[in-house]
Amino acid sequence: MALLSILQYPDPKLHTLARPVQAVDARIQALIADMIETMYDANGIGLAATQVDVHERLVVIDVSDERTEPLVLINPEILWASEERVLNEEGCLSVPGIYDGVERATQVRVQALDGAGQLRTLEAEGLLAVCIQHEMDHLLGKVFVEYLSPLKRNRIKSKMLKTRRALGRADAA
Ligand code: GNR
Ligand code: NI
């Protein structure tokens, strides 16, 4: 197992469209284990492969308080989303320190392969539904700040770049 590094907004690689996972094999199982470890280490409730620079349709999620219920979604597809929307305060491990309101469907029905390669259907509401939609956006190359006004987004972009310059990161995008 290994901790993976998480791409930071505005890294253009965060806007890559992920391809479907072709086979749930040893390589994918190892990636799942590393992503779960990385998500827990970063205190996140979800992590998309896109965020660790792997552009395949795979996400891990754990919204449990004890952080003992990891959920793996491979090649997830939304079968149904409620018309009803709710505004939630969102954050993202790729945009640390930034929180803002995003409107999402309150309920979703999702089909995905699990970590064993079994096709499953999941009904979600509350924080899980929000997290699933946030993670699936990452697989499409979309970061939550893209729902905010251009003014807010540009302020966030500048702040992120400034913070990274101050930290002296050579890998700043
Ligand atoms: O840890 C996370 N918290 C969170 C809070 C509200 C809405 C979405 C999220 S997902 C985020 C982890 C992350 O960046 N996943 O891509
Ligand atoms: Ni995120």
Side-chain angles (χ1 to χ4, degrees), residues 2-19 21 28 31-78 81-82 84-108 110 112 114-115 122-149 152-153 155-157 159-161 163-164 171-173:
L3 286 180
L4 305 171
S5 70
I6 299 174
L7 297 175
Q8 302 290 294
Y9 185 81
D11 192 319
K13 291 190 289 235
L14 283 168
H15 305 304
T16 310
L17 179 66
R19 300 168 301 269
V21 169
I28 291 294
L31 176 61
I32 290 167
D34 289 346
M35 283 176 59
I36 291 173
E37 188 185 0
T38 302
M39 170 180 69
Y40 288 149
D41 180 73
N43 291 315
I45 60 169
L47 186 68
T50 306
Q51 293 176 278
V52 295
D53 206 15
V54 175
H55 303 287
E56 298 182 53
R57 295 185 56 79
L58 164 62
V59 311
V60 298
I61 292 174
D62 191 339
V63 295
S64 72
D65 288 336
E66 301 79 17
R67 311 194 50 69
T68 51
E69 292 168 45
L71 197 67
V72 176
L73 303 181
I74 300 169
N75 299 340
E77 297 296 340
I78 301 258
S82 62
E84 193 191 351
R85 310 258 136 186
V86 63
L87 187 67
N88 304 277
E89 191 84 343
E90 295 199 15
C92 182
L93 294 174
S94 294
V95 201
I98 305 292
Y99 303 88
D100 213 326
V102 178
E103 242 183 63
R104 304 276 190 188
T106 57
Q107 291 177 283
V108 291
V110 182
D114 66 13
L122 174 71
E123 299 240 8
E125 57 179 24
L127 185 59
L128 180 57
V130 171
C131 190
I132 288 171
Q133 293 170 80
H134 176 113
E135 302 312 334
M136 288 184 68
D137 270 352
H138 276 302
L139 300 180
L140 296 173
K142 187 155 187 171
V143 179
F144 86 97
V145 298
E146 290 170 69
Y147 290 107
L148 308 178
S149 69
K152 276 191 181 178
R153 188 164 56 252
R155 280 183 182 154
I156 290 166
K157 209 177 278 186
K159 187 179 171 191
M160 295 287 300
L161 290 169
T163 309
R164 266 186 298 165
D171 60 359

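Indexing begins at 1, ligand by ligand and atom by atom, following the structure's order.
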Atoms in ligand 1 with a heavy atom of [X] nearer than 4.0 Å:
X: Cys92; result: 14 (O)
X: Gly44; result: 1 (O)
X: Glu89; result: 6 (C)
X: His138; result: 16 (O)
X: Gly91; result: 4 (C), 5 (C), 6 (C), 8 (C), 9 (C), 10 (S), 11 (C)

Do Lys142's NZ or CZ and the ring of Tyr147 fall within the cation-pi criteria of under 6.0 Å and 45°?
-> yes

Mind listing the closest non-hydrogen atom pair of Arg85 and Thr106 along with its distance?
-> C-CG2, 3.8 Å

When every non-hydrogen atom of Lys13 is compared with those of Thr50, the smallest separation belongs to O-CG2, 4.2 Å

What protein heavy atom lies closest to [atom]? Include the residue and the distance to one decimal.
atom: atom 3 (N) of ligand 1; result: Ile45 CG1, 3.4 Å
atom: atom 15 (N) of ligand 1; result: Glu135 OE2, 2.6 Å
atom: atom 7 (C) of ligand 1; result: Glu90 CG, 3.5 Å
atom: atom 13 (C) of ligand 1; result: Gly46 O, 3.4 Å

Tell me if a side-chain donor or acceptor on [X] pairs with a main-chain N or O of [Y] at a distance below 3.5 Å.
X: Asp62; Y: Thr68; answer: yes
X: Ser94; Y: Gln51; answer: no
X: Gln8; Y: Ile6; answer: yes
X: Asn88; Y: Val86; answer: yes

State the CD1-NE2 distance between Ile132 and His134, to the nearest 0.5 angstrom.
-> 12.5 Å

Proximity of Gln51 to ligand 1 by residue part, where a heavy atom lies under 4.0 Å | side chain

Please work out whether any backbone atom (N, CA, C, O) or any side-chain heavy atom from C-beta onward of His134 is under 4.0 Å from ligand 1, and answer side chain, backbone, both or neither.
-> side chain

Of the listed options Leu93, Ile61, Val130, closest to atom 14 (O) of ligand 1 (non-hydrogen atoms) | Leu93

With rounding to 10 degrees, His134 NE2, the Ni ion (ligand 2) and Cys92 SG define an angle of 110°

Arg104 with Asp137: basic N within carboxylate O range, under 4.0 Å = yes

